[in-house]
Amino acid sequence: MELEKYCQTWQTGTFNPNLLSSKTTPESDSRIQKFRQQLTIKCPDHKERLLNLHLRITPTAWRLYFSEDLGAGKIIIGYMNIKLK
């Protein structure tokens, strides 16, 4: 719900993770190298995108990985599960 509400107000500019109450950060370079295959998805527009942003779901070690590449007001959620190991 938090991402949906954010998208409703995100009209222009780049994605700003600081406007979300959940901690949202990019994945580290070392984890992108290790999990590139799992973090790359084929999107509805048939383009492959790397999901390098994630929102932490606490108190467990769950993550919601997503892409904001489509621009203002559009977020693609590609993975929601326990942190990749």
Side-chain angles (χ1 to χ4, degrees):
M1 292 298 295
E2 184 178 358
L3 287 175
E4 185 174 340
K5 287 179 183 178
Y6 174 82
C7 284
Q8 291 172 355
T9 61
W10 177 25
Q11 301 296 314
T12 61
T14 59
F15 175 77
N16 185 349
N18 298 320
L19 296 177
L20 297 171
S21 59
S22 297
K23 185 165 184 171
T24 304
T25 56
E27 196 59 87
S28 69
D29 290 337
S30 61
R31 287 186 55 82
I32 286 176
Q33 288 178 9
K34 185 174 182 178
F35 297 111
R36 181 172 293 277
Q37 184 175 356
Q38 293 96 317
L39 294 172
T40 302
I41 63 162
K42 190 169 189 175
C43 296
D45 63 0
H46 305 288
K47 292 184 181 179
E48 289 193 351
R49 287 186 172 80
L50 178 66
L51 307 169
N52 72 325
L53 290 171
H54 68 276
L55 184 142
R56 296 177 187 185
I57 303 170
T58 56
T60 60
W62 279 59
R63 300 290 187 266
L64 187 149
Y65 289 87
F66 63 95
S67 172
E68 83 299 354
D69 284 349
L70 294 177
K74 298 176 184 173
I75 289 177
I76 295 174
I77 297 172
Y79 175 84
M80 187 174 95
N81 210 329
I82 296 174
K83 181 179 178 180
L84 295 170
K85 294 182 183 184

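All figures in this text were calculated on a predicted structure; none of them were measured in a lab.
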Pairs touching residues 12-40 that satisfy ring-ring contact (aromatic ring centres under 6.0 Å, His included), sequence neighbours left out:
Y6-F15, W10-F15, F15-F66
Quick one: are [X] and [Y] in side-chain contact, heavy atoms under 4.5 Å?
X	Y	result
T40	L51	no
T25	L53	no
L50	R36	yes
I41	Y65	no
I82	T60	no
M80	I57	yes

In Å and rounded to the nearest 0.5 Å, what is the SG to CD1 distance from C43 to I76?
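Taking SG in C43 and CD1 in I76, the distance rounds to 3.5 Å.
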Measuring from T9:OG1 to L19:CG, what's the distance to the nearest 0.5 Å?
7.5 Å
If hydrophobic clusters are built by linking Ile, Leu, Val, Met, Phe, Trp and Tyr wherever their side-chain heavy atoms come under 4.5 Å apart, do L20 and W62 end up in the same one?
yes
Derivation and outcome, side-chain contact (heavy atoms from CB on, under 4.5 Å), residues K42 and K47
CA-CA 6 Å; K42 190 169 189 175; K47 292 184 181 179; over 6 Å; no
Residues 72-85 vs salt bridge (Lys or Arg N to Asp or Glu O under 4.0 Å), sequence neighbours excluded, gives none
Of all residues at least two apart in sequence or in a different chain, which pass the salt bridge (charged side-chain N to carboxylate O under 4.0 Å, His left out) check with R31?
E27
Using the salt bridge (charged side-chain N to carboxylate O under 4.0 Å, His left out) criterion, which residues pair with D45? Sequence neighbours excluded.
R49
Evaluation steps, side-chain contact (heavy atoms from CB on, under 4.5 Å), between L39 and N52
CA-CA 7 Å; L39 294 172; N52 72 325; over 6 Å; no
Suppose we screen for side-chain contact (heavy atoms from CB on, under 4.5 Å). Which residues come up paired with [X], at least two apart in sequence or across chains?
X	value
K34	none
T12	none
E4	M1, Q8

Are L64 and T24 close enough, and set up right, to give a side-chain contact (heavy atoms from CB on, under 4.5 Å), and what steps lead you there?
CA-CA 9 Å; L64 187 149; T24 304; over 6 Å; no
If I compare all heavy atoms of A72 with all of G13, which pair ends up nearest, and what's the gap?
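Smallest interatomic distance, heavy atoms only, reads CB-O, 4.3 Å.
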Sequence neighbours excluded, the answer for side chain to side chain donor-acceptor pair (under 3.5 Å) partners of E2 is S21, S22
For S28, all residues meeting side chain to side chain donor-acceptor pair (under 3.5 Å), sequence neighbours excluded
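Residues passing side chain to side chain donor-acceptor pair (under 3.5 Å) with S28: S30.
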